[in-house]
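Encoded as structure tokens, the structure appears first; notes follow it.
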Amino acid sequence: MKKCKSASELASLREKLAAARDPKKPTIVICAGTGCLAYGTQKLIDNFRAEIAKRKLEGTVDVRTSGCHGFCERGPLVVIQPKQIFYQHVKTEDAGEIIEKTILGDAVIDRLVYRDPATKEKILHEHDVPFYKKQMRLIFGMNGQIDPRSIDDYIAIGGYAGLAKALAMKPEHIVDEVTKAKLRGRGGGGFMTGWKWESTAKAEGSPKYVICNADEGDPGAYMDRSLLEGNPHSVIEGMVIGAFAIGSSDGYIYVRNEYPLAVTNVTAAIESARAYGLLGENILGSGFSFDIKINRGGGAFVCGESSALFASIEGRAGEPRQKYVHATDRGLYDKPTCLNNVETWANVPPIIVKGAEWYASIGTPGSTGTKIFSLVGKINNTGLVEVPMGITLREIVFGIGGGIPKGRKFKAIQTGGPSGGCIPEKHLDMPVDFDELSKVGSMMGSGGMIVMDDRTCMVDVAKYFLKFLEQESCGKCTPCREGIYQMRTILDRISEGAGEEKDIELLEWIGTGVIDGSLCALGGTAPFPVLSTIKYFRDEYLAHIRDKKCPAGVCKKLITFTVAADNCTGCTACARVCPTKAATGEKKKVHTIDQATCIKCGACFEACKFDAITIS
Amino acid sequence: MEASRSKRNGATEAKVSEIVARYGHDKSFVIPIMQDIQREFNYLPREALDALSASLGVPQSLVYHLATFYRAFSLTPKGKYRLSLCLGTACHVRGAPQIADHITRTLGIESGETTSDGEWSFETVNCLGACALGPILVVNEEYHGQITIAKTNKVLAALGKKVETDEEV
Ligand SMILES: Cc1cc2nc3c(=O)[nH]c(=O)nc-3n(C[C@H](O)[C@H](O)[C@H](O)COP(=O)(O)O)c2cc1C
Ligand code: SF4
Ligand code: FES
């Protein structure tokens, strides 16, 4: 491919590519995001190719592998274009039938069609599925339209038009535009992106660095991964625009080592962007040069923190430092540095193309645009959802997420990961944006939303996060290192039935100390999961402490498994799975569980199809 | 014995120098270099770290600081079958801890350990980024989603571990 030497060359290339994309040509779009690949989608892709070859349809039917569509729960996902027929849970051997019936013929294969779990109604088209219908997929929607390995696909649908436009603008106007759009960082803190750019642009020193934070250590969040895997060019384009606005020549993408596909796709994207003259020397003939290096993280959550991330890139252990001086003045290698999150960067091109006014009209006055959330846990429609800021939690959980599986009761939704909190049912109607979430003692964080039902124990959840943070604390400062440990020990005690009422106060007291005394935000926010659960679920703590009971049936020391004789059919399922042979009984007779040998692993509960195992 | 060890060390050193050279002997790449060493040997062998410290000119204290700070590094060899269980939040609320207990009970090793015969190693990880499939068990890069105790048994049995499996599940 020859380099594009100007914006007009890029524009004519786009015209050519778009013209070559025949919208009427039958195309099989197969989701090849990590979720679907884990279901074995690679075999399905191979089989589609083989079935096409067998029928000599290579020139007439296209196969496009795309990034994550978001509805991972239903994978492997296939969309037949241009008919927009949406197939879910597709098996490798379905490929031939799909080609015969849906592409060559006009029939729809019933068993692969999505059914609304609530109404049982069949839904043929992807855009009519309630999960997608209620979303606003400005950033994430492109994933389904392109092959992440094809820069041509991205350019054909308008990619790099933002860059071309930006290069014709004055750098300070770009910064203005981002500030006017009121874009706030999607990495957790919600800091105004335009301000950060402005400070870095004005700072003394060179070179200046532009960094993309793709460490995504927050457990339960995976939107950054899916963006980088599914649409790496949108992130790169955002970074080049930012670099031009700031006056930076060197960029880094710091990506989690656990994300091999993201590393592969973004590496390939960087290479093709260079080959097209969109990255590297003299970008689009503008005289501006900027290049990006990839840095794989070492698997430490704290490296998502800015100063720890810089240390890690410099080849040191990722320990945060005091921030008397901002990273925008002295960051990586002590040079002015602008660090933004993956999703933040991906929001930049549409702002430049469509303008700040358009962008600011989406969302709420304080939080503009959309946000991608990973809606996971005890929820029917698990996956990634992109919604305008200001939508209510209820709409997300019940409208898009389809409510709680098995007819169980919603209990809480956890947002903000280890820095966030659990929000109870009474706040379900609150609008979701940066400020509202903080008001109820949680935070936006990177966008994880973990739904919990009545079988989730809040003491256990709090303990889970503390254990995570205890492992991930870098250990540099005492309040974080020791405080988290002490709080976790107290929670252990409570979950074992050995807690005292004054422990609750003690947790709050230590928690305040950890918040006030920690150096970085890891420690500074670590107590939130505990404090928010105490605030909203104090009764559950008290049940553990006073009555020595775990109402959700999770804390092992406080529960017993018994057989409900009325429901037991004597199917022997429990006896067969019980690892200690505590569950026993004859076929077709009521079974029993020996409490002395029961280790409370829950295998019987999981295996019983007749609701005959009671946890109390 | 002595001769074969020094031969092996020689091969390790050569491999390490090759990796270090790939990064132009630039000290700031010490972490990616260690990642490549780990990928090569499946863990960070002591001789390799010695060689790294010598050829890159960085102190051993730094190398070991990094090796113990970052989770991705392991100073002990991994087993033939490497089990990684996700204990991220989504997997946690869907019952992953019970699976972890079960694996520990069945294989007799805690997270981070390898069985003495070198067959199995087990580790827990914080979110693999495929939460919709949780709980997730990865065996040598192969994903098993929505795992249960019964499914875990099947996976282990398929790899030759003697466990009772329940055919009907
Ligand atoms: C312990 C800790 C972990 C963090 N992890 C991440 C992360 O994985 N990804 C991310 O984008 N930001 C993370 N952050 C926030 C970053 O420090 C930084 O604020 C952010 O990347 C700035 O980008 P933004 O302004 O676009 O949000 C973390 C912060 C802390 C304190
Ligand atoms: S607050 Fe915790 S993670 Fe942050 S610097 Fe201190 S010890 Fe390290
Ligand atoms: S919590 Fe297990 S994959 Fe995310």
Side-chain angles (χ1 to χ4, degrees), chain A residues 34-35 37-39 71-73 75 216-222 225-226 256-259 295-301 303 312-319 374 376-378 382-383 414 417 448 450-453 456 460-461 464-465 468 471-472 474 573 576-577 579 599 601-603 606-607, chain B residues 26-35 38 56 58 62 65-73 84 86-95 97-99 101-102 105-106 125-134 136 138 141-145 148-150 152-153 163-169:
Chain A
T34 292
L37 284 176
Y39 289 116
F71 205 2
C72 314
E73 175 86 33
E216 195 162 62
D218 176 359
Y222 64 109
R225 158 185 218 154
S226 299
R256 250 184 116 193
N257 199 37
E258 287 90 336
Y259 287 179
N295 215 288
R296 282 171 292 148
F301 173 67
C303 285
S312 180
I313 294 183
E314 291 168 20
R316 290 181 284 121
E319 283 168 10
S374 71
V376 297
K378 307 280 187 72
T382 314
Q414 208 280 344
I450 294 104
V451 182
M452 303 174 176
D453 67 5
T456 317
D460 180 68
V461 167
Y464 162 81
F465 280 114
F468 171 84
Q471 282 171 8
E472 297 295 339
C474 81
R576 277 176 291 148
V577 293
I599 52 166
C601 71
E606 180 194 90
Chain B
D26 185 339
K27 286 181 193 156
S28 68
F29 287 110
V30 56
I31 296 169
I33 291 173
M34 287 170 68
Q35 282 166 341
Q38 162 133 336
L56 195 60
V58 293
L62 173 75
H65 187 187
L66 298 174
T68 50
F69 183 86
Y70 292 106
R71 248 169 192 277
F73 297 130
S84 323
C86 179
L87 280 187
T89 322
C91 291
H92 179 91
V93 303
R94 287 192 183 177
Q98 278 80 315
I99 313 286
D101 289 348
H102 183 69
R105 209 163 44 234
T106 314
V125 292
N126 294 319
C127 195
L128 292 160
C131 313
L133 281 72
I136 300 174
V138 184
E141 267 101 73
E142 192 187 337
Y143 281 67
H144 301 269
T148 56
I149 289 179
T152 309
N153 281 342
V163 277
E164 284 180 37
T165 55
D166 184 346
E167 284 316 312
E168 288 169 38
V169 189

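Computed from a prediction, not measured in an experiment: that's the story for all the values here.
Scanning for ring pair (Phe, Tyr, Trp, His ring centres under 6.0 Å) contacts around A:Phe71 gives A:Tyr114, A:Phe131, A:Tyr132, with sequence neighbours left out.
Interface remark: of the candidates A:Gly417, A:Gly298, A:Ala300, A:Gly298 forms the most heavy-atom pairs closer than 4.5 Å to chain B. Ranked by non-hydrogen atom pairs under 4.5 Å with chain B, the options A:Gln414, A:Met452, A:Arg316 are led by A:Arg316. Between chain B and the residues A:Val451, A:Val461, A:Asp460, A:Asp218, the largest count of heavy-atom pairs under 4.5 Å involves A:Asp460.
No donor-acceptor contact under 3.5 angstrom links the side chains of B:Tyr143 and A:Thr34, judged on distance only. Neither side chain, B:Arg94 nor A:Thr456, offers a donor N or O lying under 3.5 Å from an acceptor on the other.
Nearest heavy atoms, A:Gly318 versus B:Tyr70: N-OH, 3.1 Å. Across all non-hydrogen atoms, the minimal contact from B:Ile149 to A:Cys601 is CD1-O, 3.9 Å. Contact between B:Asn126 and A:Gln471 at its shortest, heavy atoms only, is ND2-OE1, 4.1 Å. Pairing each heavy atom of A:Ala317 with each of B:Phe69, the nearest pair is CB-CG, 3.8 Å. The nearest pair of heavy atoms linking A:Glu606 to B:Thr148 is OE1-CB, 3.1 Å. The two residues B:Leu133 and A:Ala38 come nearest to each other via the heavy atoms CD2-CB, 3.5 Å.
For A:Ser312, the parts lying under 4.5 angstrom from a heavy atom of chain B are both the backbone and the side chain. A:Glu216 does not touch chain B: none of its heavy atoms, backbone or side chain, sits under 4.5 Å away.
Between B:Arg71 atom CZ and A:Asn257 atom CG the span is 13.0 Å, to the nearest 0.5 Å. Atom NE2 of B:His92 and atom CZ of A:Phe468 lie 13.0 Å apart (nearest 0.5 Å). Distance CD1/B:Ile31 to CD1/A:Ile313: 9.5 Å, rounded to 0.5 Å. Within the model, atoms CZ of A:Phe301 and SG of B:Cys127 stand 11.5 Å from one another, a figure rounded to the nearest 0.5 Å.
Remark: the backbone N or O of B:Gly145 is not paired with any side-chain donor or acceptor of A:Tyr39 at under 3.5 angstrom. Distance alone, capped at 3.5 Å, is enough to place a donor-acceptor pair between the A:Arg225 side chain and the B:Leu128 backbone. Although no hydrogens or angles enter the test, the distance criterion places a donor-acceptor pair under 3.5 Å between the side chain of A:Tyr464 and the main chain of B:Thr89. At least one donor-acceptor pair under 3.5 Å links the side chain of B:Gln35 to the backbone N or O of A:Gly297.
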### Query
After noting the C-alpha distance and the side-chain angles of A:Glu319 and B:His65, does the key distance pass the side-chain contact (heavy atoms from CB on, under 4.5 Å) rule?
CA-CA 11 Å; A:Glu319 283 168 10; B:His65 187 187; 3.8 Å; yes

